[in-house]
Each structure stands twice: as structure tokens, then as C-alpha cells.
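Below is one structure, written out as C-alpha cells; comments come after it.
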2 protein chains.
Amino acid sequence: MILHKDVRSLFHRHGLAATHQRQVIYEMAAAPPGHASPEAIYARVRRKIPGISLATVYKNLRTFIDKGLLGQVSLHSGSLRVESNPAPHHHLVCTRCKSIVDLKEEDLEPIRFRHKLPHGFRAQRVAVDILGTCKACSTRARGPRKKMQLN
Amino acid sequence: MILHKDVRSLFHRHGLAATHQRQVIYEMAAAPPGHASPEAIYARVRRKIPGISLATVYKNLRTFIDKGLLGQVSLHSGSLRVESNPAPHHHLVCTRCKSIVDLKEEDLEPIRFRHKLPHGFRAQRVAVDILGTCKACSTRARGPRKKMQLN
DNA sequence: CTAGATGCAAACAGTTTGCGTCACT
DNA sequence: AGTGACGCAAACTGTTTGCATCTAG
């Protein structure tokens, strides 16, 4: 559970004004079970602040993500990406330009669970994303990111 | 490299008419380096069939995905999902309802590379998705999938 | 007092759909 | 010949932006 006071100081540390809206948006975005969508967060926030604007929710989520206060479940939420590699494989994903490169399954030691999975979940396959920066992006170091690769 | 003939029989095996457009769309979608976006595929196809419609590309990509001829890089490409869990962790992802549950990092044996990563890629962290069906979705077995969870 | 936040509406990007016409089987 | 595919435009969903107003610091 997150305390209002913590959120306020968190915002201040990141140079963000601690408005009421922003606090509630953050709390609802961080609330369990997590992984909420903007619409879901908007719905939750509206229960507390009926007059809130959806645009405000989006603006704040973007701010939180940019400042690292929230993470995104998938870097590829914008647009569909399709693949035909029928062999099981993993991905090297560049957090900067979003490019994807395949990694053969045998390039990783087999993934092993230490404990039973939550009851009732039937695992079918394991997909590993190795997140980092690709060669091009680490070369053109910290500069403003160029256009992203869509292949 | 994919041969026209193979593609035709692949389509026939799945009960799909082997139109010229469909063949080119499939070839361009499957072409290296893979992971192409619909727009990118559209651009490639247009070089061969200038009059192609973007809707046709989308319709076919959806068909290919539904029939399992192509895979999607991320199941969450539709909408943003946000998360606040600051500890490193992994995900159990239901391929049916798209729900996500966290798995503590220690629940998996550490991920180990067998070989060096491609030159120049700087790995920062590893995100594992365990794909399968959640309890609710395996219970309400093969029926038509209900509304998806957005949290 | 001022930079930055909010709310609204309009603009955008990505994707899907309806429908008339055309083509594979 | 008939079912399904194509092309076009319109509809939709998810997200961003411009601008006037308001508020935290």
C-alpha cells in the first residue's frame, strides 16, 4: 500500500508538482493487481475525482513512465509486430529504438522454475526478452533518440 | 527463403485461397529480419503490387495470426499496460484473456547465456514471460473467449 | 508570481468493418 | 457458380496535442 505522503515526496524528488489528480492517478496505477491499462486507471480515478479528464490520465502516465516512476509491460504496445520464425526463440530488444533481434533458444540455458507456478496456470512456453541497447543506439550515445526501427 | 510453391500449399492446407496478394503479403511479413510492423509490410508489398490496399494487408495479417501462420511479438500490442513493481520480476501471461500476474525473480533459476550476445548489444535486464492459460481460462475451457481483463 | 498542471476538444495513429466487385477453386 | 478475397471509405479505439484556465510552489 502506498501512502499519500510518500507519493508527494516521490513527486518532489522528480521535480513534479504534487497535485491531487496526479497523486490519485499514481495510486490507482500502482494499485494491485498491477498491469492496469489507461482506461482502467481512468475508471478507478474517476471514482475519486469524477471530473478528471482522460487526457490528464494519459499525460501523467507518460510523465511517470518517462521519469521511471512506472514501467511499461511491453515496449511494443503501440503497433503490431509479426514474426514467422517457427522455431522457439528469444528476443534481444533495444529499449531505445525498439528493434528486435532473434536469439536461438539454445543460446540460453534452459529456464527452470524453482517453485510451482500459481495454482491453475498451465504454462505452454517461455518467452525471454533481453532488454538493453543495440549497437547503433549505444554508439550514438545519450543523444536524442532517432527514428525508431519498424523494419 | 520461402518459395512460392511452399506458400501456396501452406495456404491450401489451411483452407485459404492462394491469391497473388496473399502470397506477397506472407512473403514480405516473413522476410528477414522479421518482426515487421503492418506499415512496413505494406510498404514492402506495395513495391510489388502498387495497387494493394492497406486493409488487405491487415485482413491477411489477422488471418495468418489466427491460423497460426504468423506469431505476434507481443500479446499486449493493443494498449498500454503500466506497472509499478520496482523489484525485478517476471510475468505469467494468459494467451487467452491477456491477464498478467507477477512472478518473483527468485521463482526462476537465474537466466544464463550460453554464448556471447551479438556484438555491440549491451544487456541491461532480462524479462521472462511464461505464456499459457490462467485458471479461469482453462476452466471455461475451449468456449468463446469472454471479455478480456484490462484490470 | 510563474512554471507547470488540468480540462476540453480536436487531431492523430493504428486497426477494423461494411459493402460492392472480382477471382480462386 | 459460389465462396471467399480485394479495394475503398468510413468507423473505431487508443493516444497525443493545442490552448485557455487554474494552481502548487
Side-chain angles (χ1 to χ4, degrees), chain A residues 4 7-26 29 36-43 45-46 48-67 69-70 72-82 98 147-148 150-151, chain B residues 4 7-26 29 36-43 45-46 48-67 69-70 72-82 98 147-148 150-151:
Chain A
H4 283 247
V7 178
R8 296 183 64 85
S9 75
L10 180 66
F11 289 165
H12 287 149
R13 260 179 282 138
H14 287 269
L16 297 174
T19 65
H20 181 49
Q21 288 92 328
R22 179 165 286 160
Q23 291 172 61
V24 176
I25 293 168
Y26 184 80
S37 65
E39 280 295 343
I41 294 165
Y42 177 52
V45 173
R46 243 195 321 184
K48 302 211 165 190
I49 312 178
I52 191 90
S53 161
L54 178 58
T56 301
V57 172
Y58 270 104
K59 283 173 190 167
N60 275 288
L61 292 179
R62 181 116 316 280
T63 302
F64 295 154
I65 291 170
D66 290 346
K67 298 263 180 190
L69 273 56
L70 290 179
Q72 326 187 45
V73 168
S74 166
L75 293 178
H76 299 103
S77 48
S79 141
L80 180 66
R81 296 291 200 96
V82 124
K98 288 13 176 204
K147 56 175 169 296
M148 306 195 167
L150 291 178
N151 281 340
Chain B
H4 283 248
V7 177
R8 295 184 63 86
S9 75
L10 180 66
F11 290 163
H12 288 151
R13 260 179 281 137
H14 287 269
L16 298 173
T19 65
H20 181 49
Q21 289 92 327
R22 177 165 286 160
Q23 291 172 63
V24 176
I25 293 168
Y26 184 80
S37 65
E39 281 293 344
I41 294 165
Y42 177 53
V45 173
R46 248 202 308 192
K48 300 213 165 189
I49 312 177
I52 191 92
S53 161
L54 178 58
T56 300
V57 172
Y58 270 103
K59 283 174 192 168
N60 276 288
L61 292 180
R62 181 118 314 281
T63 302
F64 296 153
I65 291 170
D66 290 347
K67 299 264 181 189
L69 272 57
L70 288 179
Q72 328 187 43
V73 167
S74 166
L75 293 178
H76 299 102
S77 49
S79 141
L80 181 65
R81 297 290 201 97
V82 125
K98 294 357 180 210
K147 55 176 171 295
M148 307 198 164
L150 291 180
N151 280 340

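Every chain is numbered from 1, with letters handed out A, B, ... down the list of sequences. What you see is a predicted model, and the numbers here were worked out from it, not measured in a lab.
Between B:Q21 and A:S53, the one whose closest nucleotide on DNA chain C sits nearer the 5' end is A:S53. Nearest-nucleotide assignment on DNA chain D puts the 5′-proximal partner with B:T63, out of A:H20 and B:T63. Between B:P38 and A:I25, the residue anchored closer to the 5' end of DNA chain C is A:I25, taking for each the nucleotide with the nearest heavy atom.
In this structure, A:K48 contributes its side chain and A:V24 its backbone to no donor-acceptor pair below 3.5 Å.
Taking side-chain N and O atoms only, B:R62 has a distance below 4.0 Å to OP1 or OP2 of C:dT16. Distances shown here put every side-chain N or O of A:Y58 at or beyond 4.0 Å from the OP1 or OP2 atom of D:dT16. In this model, the phosphate group of D:dT23 is not approached by any side-chain N or O of A:R22 to a distance below 4.0 Å at OP1 or OP2.
One atom, CZ of A:R46, and another, P of C:dT6, lie 17 Å apart when rounded to the nearest Å. We find that CD of A:Q23 is positioned 10 Å from P of D:dA24, with the value rounded to whole Å. Going from atom CG of B:D66 over to atom P of D:dG4 covers 15 Å, rounded to whole Å.
In this model, no side-chain donor or acceptor of A:K59 finds a partner on the base of C:dG4 within 3.5 Å.
Residue B:H12 has its side chain nearest to C:dT25 when only C:dT15, C:dT25, D:dC6 are considered. Nearest to the side chain of A:I52, among C:dG7, C:dT6, D:dT15, sits C:dG7.
Within 4.0 Å of A:T19, counting heavy atoms only, lie sugar-phosphate atoms of the nucleic acid but no base atom. Within 4.0 Å (heavy atoms only), B:A55 reaches at least one base atom of the nucleic acid.
Put simply, the side chain of B:S77 reaches to within 4.5 Å of the side chain of B:Q72, judged on heavy atoms. Residues A:Y42 and A:I52 have side chains in contact (heavy-atom distance under 4.5 Å, counting atoms from C-beta outward).
Ring geometry, A:F11 versus A:F64: the interplanar angle falls under 30°, so the pair is classed parallel (tilted spans 30 to 60°).
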